[in-house]
Protein chains: 2
Amino acid sequence: MNGMSSNPPSKILLVDDEQDILEFLSYNLRKEGYEVYTSTNGKKAVEIARNVHPQLIILDVMMPDLDGIETCRELRAIDDLKDVVISFLTARGEDYSQIAGFDAGADDYITKPIKPRVLISRVQALLRRYNPENKTNKNKGNANTIQLGQITIDREAYLIIHDGTEIQLPKKEFELLALLGSKPGKVFTRDEILKSVWGDDVVVGDRTIDVHVRKLREKLGEEYIKTVKGVGYKFDF
Amino acid sequence: MNGMSSNPPSKILLVDDEQDILEFLSYNLRKEGYEVYTSTNGKKAVEIARNVHPQLIILDVMMPDLDGIETCRELRAIDDLKDVVISFLTARGEDYSQIAGFDAGADDYITKPIKPRVLISRVQALLRRYNPENKTNKNKGNANTIQLGQITIDREAYLIIHDGTEIQLPKKEFELLALLGSKPGKVFTRDEILKSVWGDDVVVGDRTIDVHVRKLREKLGEEYIKTVKGVGYKFDF
DNA sequence: CATTAACTTTAAGGTAAAATTAAAAGCATT
DNA sequence: AATGCTTTTAATTTTACCTTAAAGTTAATG
């Protein structure tokens, strides 16, 4: 039982159009002691959120009617809910750079399918961030973490969580990984990487990228970043 | 949206006891426009199949109660469902020599975990192979992939998916294939190929193209790239 | 059916690109 | 100014890809 920090259990609102997944998620979260509310559509979700003031809202991106992104906007527009933690729920392989570009104000992406254990740990991490005494609301606006299978990229803390272990990455390494991870599967050319991570003007030698890739592979394992010779690098997911 | 060939979206029945897998698969397939039905057990699956007549059934092999193999047998015993395409879903590393030996009547195996784009392409391949009238080859919105029968060319990832299997191609091979595939049926002369893939200035011998064609044929099969003697090469499917 | 031109096939270097390693150069922090 | 960490460079090795060359095959033509 982890839902109760000291006294009151954390309230979590789940929104997904599929009853099945809703049950799966709520079952696992309730087992941990969380107080779970559910809704199968965005409209109802906004209502519930207004009434119960959950600490965390998990929103499926793809929903008929009012989709996750719109729902998120509406929620963020409500004064009372300004600092609720909101996480999107997406299927793996999505283009996160695009979704992030929407800037709808989510704090996290959780990718499906997700194992109960991983779900719980992500939820815990998100709630830790909520921390009411921390009134300096840092997490405004865009998404701060992206979960790609075994790897979670936390843009706010510049760290990643790999197989449950936190790894603090230096700036450049982190930005390189975040770029590749923003569009899993896409090959980024060296030029694209240089422009995005180093900036238009900065000139560094070609081997610099290689060395950073090496560092990342050392820390994450060899399997995540793939080389496409003559083209560039990609995050394989 | 690719599920709709011309008008009616293809119906797919998914059967897996794990809720999150089910959700992952259905999310991705629905996004492509398929009409997806799900069941967490074999018995209910047979019922659904009887009622909705899906074009494709994807069955997890390992399920409690009525397992995939038995379910498949039952389905095949139903006269109405004789020519439904059935694919097993197995975990990677599972011993499926045994399963294959059972010969329960499946048309394909899909191994978990599977990447979204591979899943989609595999499903398309299956539907196309066994429903030949489904000849309409509408490209989906994703501007970076080209669907050519059993082959998907993904320009972003620099790879192709053939019969649902990813093949990472080297630069030159990929570019050659992408050129030929950009206009299926058209014969590209050697000059056109050289100019487009190698560039105006670069001078390479004529045999170089042949060798790359060979490599592609090795990886894809002989049937896709056709030689038109005295003229050039073309992609056919 | 011999000739020839065009394509196929195979295997062996050559080479450009990437990986690797170590060390130097930067930068904070104390 | 000394320490520890990050970033970049430089030098070397390794790898994968590309090209070529050489021999084999095919198909058209007289």
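Values below: all heavy atoms of this structure, side chains included; hydrogens, waters and symmetry mates excluded. Keep in mind that this is a model prediction, so the values were computed, not measured. Letters A, B, ... are given to chains in the order of the sequence lines, protein chains preceding strands, and every chain is numbered from 1.
- Residue B:T227 has a polar side-chain atom (N or O) positioned under 4.0 Å from OP1 or OP2 of C:dT8.
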B/S/- along nucleotides 25-30 of chain C (protein heavy atoms under 4.0 Å) is ------
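- Judged as a side chain to side chain donor-acceptor pair (under 3.5 Å), the pairs with a partner in residues 198-208 of chain B (not counting sequence neighbours) are, in order, B:R207-B:D210.
- Taking the side-chain contact (heavy atoms from CB on, under 4.5 Å) definition, one finds that B:V36 meets it with B:L14, B:S26, B:L29, B:R30, B:Y34, B:T38, sequence neighbours left out.
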Find every protein N or O atom lying less than 3.5 Å from an N or O atom of nucleotides 26-30 of chain D, and list the pairs.
from   : atom 1 : to     : atom 2 : distance (Å)
D:dT26 : O2     : B:K229 : NZ     : 3.1
D:dA27 : O4'    : B:K229 : NZ     : 3.4

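- Among residues at least two apart or in separate chains, salt bridge (charged side-chain N to carboxylate O under 4.0 Å, His left out) pairs with a member in residues 219-228 of chain B are B:E173-B:K219, B:R214-B:E222, B:K226-B:D236.
- The side chain of A:Y233 contributes no N or O atom lying less than 4.0 Å from OP1 or OP2 of C:dA17.
- The closest side-chain donor-acceptor pair between A:Y224 and A:H162 falls under 3.5 angstrom.
- Using a 4.0 Å cutoff on non-hydrogen atoms, the parts of residues 176-198 of chain B near DNA chain D are B:W198, ordered by number.
- Listed in residue order, the members of residues 201-226 of chain B having a heavy atom less than 4.0 Å from DNA chain C are B:R207, B:D210, B:V211, B:R214, B:R217.
- Under the rule for a ring-ring contact (aromatic ring centres under 6.0 Å, His included), the partners of A:F174 that lie at least two apart in sequence or sit in another chain are A:Y158.
- Nearest heavy-atom pair, B:T90 versus B:Y109, reported as atom, atom and distance to 0.1 Å: CG2-CD2, 4.0 Å.
- For B:Q147 and B:T152, the side-chain atoms include at least one donor-acceptor pair closer than 3.5 Å.
- Residues that satisfy the salt bridge (charged side-chain N to carboxylate O under 4.0 Å, His left out) test with A:K172, not counting sequence neighbours, are absent from this structure.
- Recorded end-axis angle for the helix from C:dC1-D:dG30 to C:dT30-D:dA1 stands at 30°, based on five pairs per end and rounded to 10 degrees.
- Annotation: salt bridge (charged side-chain N to carboxylate O under 4.0 Å, His left out) contacts of A:E166 (sequence neighbours excluded): none.
- Residues of residues 168-175 of chain B that place a heavy atom closer than 4.0 Å to DNA chain D, in numerical order, are B:P170, B:K171, B:K172.
- Of the residues listed (A:V85, A:V123, A:I57), the one engaging A:I12 in a side-chain contact (heavy atoms from CB on, under 4.5 Å) is A:V123, and it is the only one.
- Judged by distance alone, with hydrogens and angles left aside, the side-chain atoms of A:R217 form a donor-acceptor pair with the main-chain N or O of A:I225 at under 3.5 Å.
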